[in-house]
Structure formats: C-alpha cells, structure tokens
> 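Sharing a structure, written as structure tokens. Questions coming.
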Protein chains: 2
Amino acid sequence: MPKIIAERSDVIPVLAEIFREYGYEGASLSLIGSRTGLGKGSLYHFFPGGKEQMASEVLREIDGWFEDAVYKPLRDGDDPRAAILEMCRSVATYFRSGKRVCLIGAFALDNVRDRFSDAIRDYFAVWQRSLQQALVRIGHDADRASDIAEDAILSIQGALVLSRALDDTAVFERAMARVEAGLLAGPGQGA
Amino acid sequence: MPKIIAERSDVIPVLAEIFREYGYEGASLSLIGSRTGLGKGSLYHFFPGGKEQMASEVLREIDGWFEDAVYKPLRDGDDPRAAILEMCRSVATYFRSGKRVCLIGAFALDNVRDRFSDAIRDYFAVWQRSLQQALVRIGHDADRASDIAEDAILSIQGALVLSRALDDTAVFERAMARVEAGLLAGPGQGA
DNA sequence: GTCTATATGGAGATAGAC
DNA sequence: GTCTATCTCCATATAGAC
C-alpha cells in the first residue's frame, strides 16, 4: 500500500482511513509512518500535538465534509426532498455500503470518547438538526421531524454496527432503504 | 471501587465492566489487576491465555446471559408477544438506558473485531433469528419478520451509539419506545 | 522538512519464592 | 493461589544532524 504524500492536507484522509481501520489506540505511530510514508520527524513537524492532534484534525475534516456535502443542503437547499434523497445516496457511498466504519460513531463507543466528546457531539447534533429542518420544510411538525431525524441517524449508525458484525453489506443496504422510505413518507402518512 | 473476589466466576462480570468502560486495548492488565484486586500472578493463573482469553470468556458470559434471558423466551416461550415486550424491558435495563455500552457492538466497530468475529457474529445472528421466530409466531410472514427483527436490533445498537455521542439517555428511551411499537404493531398494520 | 537515533514509559507476559 | 521481581517489546515522543 504505497502512498506519495506531498502536502499536509494530503495526509489527513490517509490518517482518517488508518483510524477507521485500526481505531485510535490501534493506529500506532509506526503504522501511521509506514502508511503515509512519513517519518516520525515529519509527522511531529506537521502535528506537534502528536496523535491526538492528528485525530482532532481528522474529525474536523470529516465534519467539514458532512457539513458541505450533507448538512448544508439539508438546511439551505432549494429542494429539501432532493436534499434528503441526496443525503441517503451520499451516506451509502461514503460508508461503502457498510464496509467502512463511521469513525465518529466508533469513537463514541470507545474510551477515547472523552477526549473528543465535543467533536463527537457536534457531528451528530448538527446532523440531527439539519435533517430535522429539511423534514419541517417538507411539512412535518417540529417534534415529529426531530423524532424522524433521530431515528434515521441512529438507524444508519446501527446499520454500520450490525452489517460489520454480520459481515454482510446487505444489512446496510436494507437499512438505508428503510431509512429513505421513512424519511420521504411525508407528513400525514406516518404514525 | 473495592472488590473482594473469591471465585473465578466472580471475576468475569468485573472484567466485562472494565472492557465496556475502557475497551479492549484500553483495559490494561494493571487496571484489571487493581479493579479485580488480583495480582498478575492470579490473573494468569485463572486465564493462562491472558487478556484475549479474558475477553473471550466475557463474550461467552454475555452471550449466555442473553440466550437465557432474551433469546430462548423469544423462541420457546408460551407467549411470543410477552417475550418481545420482556426483551425490550430487559434490554433497557441491561444497557442502563444507554449509559452502558454493548460490548459486542463496540467490538464490532473496533479493530479487535477480527479476533472475536465468530462470537460477535453469533451474538447478533442468534438474536435476529430468535426475534424473527417470535414475530412469525405473532403472525408475520418470514421475510417481513426478518426485516422487522433486523431493524429492531440495529436500532438498539444505533441508539447506544447516538445516546452516548450526545450524552443523552432520552435518545435511547425514545428509540426503545419506537422499537417496541414497531415490534408489536402486528401483521397487517405495517407497510 | 526529513532523517536516524534515542529517551522514557507502560504494555503484556513469565519466573519462581512463598 | 498469590505475591514480587523481572523480561521483552513497542508505544509515544524528542533531539539534533542534515
């Protein structure tokens, strides 16, 4: 698995993938060194704060990606229905149908949670609020929109857990189909 | 946090709690030693296979508890509807309304997954099959029962992730209410 | 900026006295 | 069975030459 890293910004996605595969504690600096092609000297030059800083910046990068690609369209897009559909599509692609773990969800269950609790909370809180707003714009009342959004996000996270546990991407695909259906059922049809 | 450990079987639940709180890698032997009150000598006397054996036995204990308290009643109980309700109640109590992590779900997202993949898969597979059987006995057809069971289990797991991420047990409580409603809606009412 | 060498600590695990 | 002492290894992190 070669690399060729030129700029600092190129390193972050590689770090993200390493943390996803090995977890925070499992991602040793020597592993990071070999996967990025950077010696410890370079690593600490880029990230004086060490591994904790690396993880922080990875979380920021992930959060930024979701903000631009998913959250913002949900809140500000012209067509909330289209934004919801696009969210489902983006999420399925991003998580590779369940083959790829949600790093932030994994951190939430890990003992590193305390170290990154603000980033973890914000990621999910903003997702939930953004999705809720889109649902309100579709016609749901605020409370019900909040409930549906919460259920959708937690279903995605649970689907990642279960599809990985069973080593079966079909679990994730089915869950995403249910999520999409629940999100787009429209007001008046639900419970 | 004192201990007083007399028998080997008393150690397992303590180990389970430590793994839940600190994760596999985070649960160092010195921490385990201080929390159980056992020296390394005693620890290795009980578990010659070291930490990996400790975790294996913890997983077995958890699986056994669920088998007796949850899975078996779902499959063999006189009243499948009552068994489903009891499952929801047991799960909420067991996970302390989301304050307590599902160790097996956490392992599924961790890099230790490969080491315990069989135990992880079995735990969820048996849960899913048992719940499916109860749903079939309630009157659902097999395919739909499988779908509902899958969705319920993954919702519980996702609720644990999200309630921990947001540090809000209400998330878990609401999710369990939705799960229970979805499970007991009965055939003919669903989509 | 990147390297090699190294400091320092704690991990998992073992030996052997008691 | 439980203890202390110890082994080995690898973790994060640093220093300083280039």
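Chain naming here is simple, since letters A, B, ... match the order of the sequence lines and numbering starts at 1 in each.
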> So, B:Arg35 and B:Glu21, do they make that salt bridge, N to O below 4.0 Å?
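Looking at B:Glu21 together with B:Arg35, the answer is yes, because their closest N to O distance falls below 4.0 Å.
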> For nucleotides 16-18 of chain D, list the nitrogen or oxygen atoms of the protein found under 3.5 Å from its nitrogen or oxygen atoms, one pair per line.
none

> Let me know the distance between CD of A:Gln53 and P of D:dT12, rounded to the nearest Å.
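After rounding, the reported distance stands at 15 Å.
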> Whole angstroms only, please: what is the CZ-C1' distance between B:Arg8 and D:dT2?
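Nearest whole value for this atom pair: 16 Å.
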> Partners of B:Glu61 by salt bridge (charged side-chain N to carboxylate O under 4.0 Å, His left out), sequence neighbours excluded?
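Scan of B:Glu61 (salt bridge (charged side-chain N to carboxylate O under 4.0 Å, His left out), adjacent residues dropped) gives none.
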> Could you tell me whether B:Glu25 and B:Lys51 have a side-chain N and a carboxylate O separated by less than 4.0 Å?
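Salt bridge absent between B:Glu25 and B:Lys51.
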> How would you list, by chain and number, every residue that makes a side-chain hydrogen bond (donor to acceptor under 3.5 Å, both in side chains) with A:Ser97, sequence neighbours excluded?
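side-chain hydrogen bond (donor to acceptor under 3.5 Å, both in side chains) check on A:Ser97 returns A:Glu173.
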> Given atom CG of A:Leu38 and atom P of C:dC3, what is their separation to the nearest angstrom?
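About 7 Å, once rounded to whole Å.
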> Looking at residues at least two apart in the chain, or sitting in another chain, which of them share a salt bridge (charged side-chain N to carboxylate O under 4.0 Å, His left out) with B:Asp68?
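Applying salt bridge (charged side-chain N to carboxylate O under 4.0 Å, His left out) to B:Asp68 gives B:Lys72.
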> Can you measure A:Ile18 atom CD1 to D:dT12 atom P for me and round it to whole angstrom units?
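Rounding to the nearest Å, CD1 of A:Ile18 and P of D:dT12 are 12 Å apart.
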> Going 5' to 3' along nucleotides 6-13 of chain C, which nucleotides have protein heavy atoms under 4.0 Å from the base (write B), which only from the sugar-phosphate (write S), and which from neither (write -)?
-----SSB
> Can you pull out every salt bridge (charged side-chain N to carboxylate O under 4.0 Å, His left out) where at least one residue sits in residues 82-95 of chain B? Sequence neighbours excluded, please.
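Passing the test, one end in residues 82-95 of chain B: B:Glu86-B:Arg89.
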> Using the salt bridge (charged side-chain N to carboxylate O under 4.0 Å, His left out) criterion, which residues pair with A:Lys99? Sequence neighbours excluded.
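Residues passing salt bridge (charged side-chain N to carboxylate O under 4.0 Å, His left out) with A:Lys99: none at all.
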> Sort and list the pairs that fulfil side-chain hydrogen bond (donor to acceptor under 3.5 Å, both in side chains) and have at least one residue in residues 163-172 of chain B, not counting sequence neighbours.
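side-chain hydrogen bond (donor to acceptor under 3.5 Å, both in side chains) check on residues 163-172 of chain B returns no pairs.
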> Could you give the NE2-to-P distance, from A:His45 to D:dT14, as a whole number of Å?
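That distance rounds to 15 Å.
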> To the nearest angstrom, how far is A:Phe47 atom CZ from C:dT2 atom P?
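These atoms are roughly 12 Å apart.
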> With sequence neighbours left out, which residue pairs that include part of residues 150-162 of chain A fulfil the salt bridge (charged side-chain N to carboxylate O under 4.0 Å, His left out) condition?
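Sorted pair list: A:Glu150-B:Arg174, A:Glu150-B:Arg178, A:Asp151-B:Arg178.
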> What is the distance from CG of B:Leu43 to C1' of D:dT2, rounded to the nearest Å?
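The answer, rounded to whole Å, is 11 Å.
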> Between D:dA11 atom P and A:Tyr22 atom OH, what is the distance in whole Å?
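So the OH-P distance, A:Tyr22 to D:dA11, works out to 12 Å.
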